[in-house]
Amino acid sequence: MAGYQRKTVLGLEAILAEAESLLPERLGVSRTKQSAHGATYTGAEGTVVISVHSHGAYTVVVADTDRLRTSRMDIEVQRFLNRLPYEPGDAGGSGPDDAN
């Protein structure tokens, strides 16, 4: 129901590793599908499909959820995307309100 997109300098494998380290812990979801260009996570909070595609020096990450934009799933997906560095040298981060 909601879709998000982020451009990052990280590569495919690094993005999928970041998703695997963050989403199951924060949402209690499990990876139910994986390919070279994405993964699907499902749990009590809902389902998110992460698609990753390289475009030159950048990688585009698309996250589609089956929840409303105000759900816990969507808040955590946005947090995940914000952690991805946008430009070379950017540390990435979730913002000042995220303690983790």
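On a predicted model such as this, the values are computed, not experimentally measured, just so you know.
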With rounding to the nearest 0.5 angstrom, report the [atom1] to [atom2] distance, [X] to [Y].
{"X": "I15", "Y": "H53", "atom1": "CD1", "atom2": "NE2", "answer": "10.5 Å"}
{"X": "K7", "Y": "E87", "atom1": "NZ", "atom2": "CD", "answer": "6.0 Å"}
{"X": "L22", "Y": "L27", "atom1": "CG", "atom2": "CG", "answer": "7.5 Å"}

Side-chain ([X]) to main-chain ([Y]) donor-acceptor, under 3.5 angstrom:
{"X": "R31", "Y": "Y41", "answer": "no"}
{"X": "T8", "Y": "Y86", "answer": "no"}
{"X": "R67", "Y": "E45", "answer": "yes"}
{"X": "T59", "Y": "L10", "answer": "yes"}
{"X": "D66", "Y": "T47", "answer": "yes"}
{"X": "H37", "Y": "V52", "answer": "yes"}

Check: Are L81 and L12 joined in one hydrophobic group, where the rule is that I, L, V, M, F, W and Y side chains link up if heavy atoms are under 4.5 Å apart?
Finding: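 Linked within one cluster.
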Next item on the list: Apply the test side chain to side chain donor-acceptor pair (under 3.5 Å) to residues D74 and Y4: give CA-CA distance (whole Å), side-chain angles for both, the deciding distance (0.1 Å), then the verdict.
Entry: CA-CA 9 Å; D74 285 75; Y4 306 94; 2.6 Å; yes
For a quick test of reading the model, state the closest non-hydrogen atom pair linking [X] to [Y] and the distance between them.
{"X": "L23", "Y": "F80", "result": "CD2-CB, 4.1 Å"}
{"X": "S35", "Y": "L16", "result": "O-CD1, 4.1 Å"}
{"X": "A63", "Y": "V77", "result": "CB-CG1, 3.5 Å"}
{"X": "A19", "Y": "P24", "result": "O-CD, 3.4 Å"}

Next item on the list: List the steps and the verdict of side chain to side chain contact (heavy atoms under 4.5 Å, CB included) for V61 and S51.
Entry: CA-CA 6 Å; V61 183; S51 302; over 6 Å; no
Next item on the list: Can you spot which of D64, I50, V49, V29 makes a side chain to side chain contact (heavy atoms under 4.5 Å, CB included) with T40?
Entry: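 Going through D64, I50, V49, V29 one by one, the side chain to side chain contact (heavy atoms under 4.5 Å, CB included) with T40 is satisfied by V49 alone.
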Next item on the list: Report yes if the side chains of R6 and N82 come closer than 4.5 Å at any heavy-atom pair, otherwise no.
Entry: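 The answer is yes; the side chains approach within 4.5 Å.
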Checklist line | Pairing of R83 and E18 as salt bridge, 4.0 angstrom limit | finding: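 Here R83 pairs with E18 in a salt bridge, since their nearest N and O are under 4.0 Å apart.
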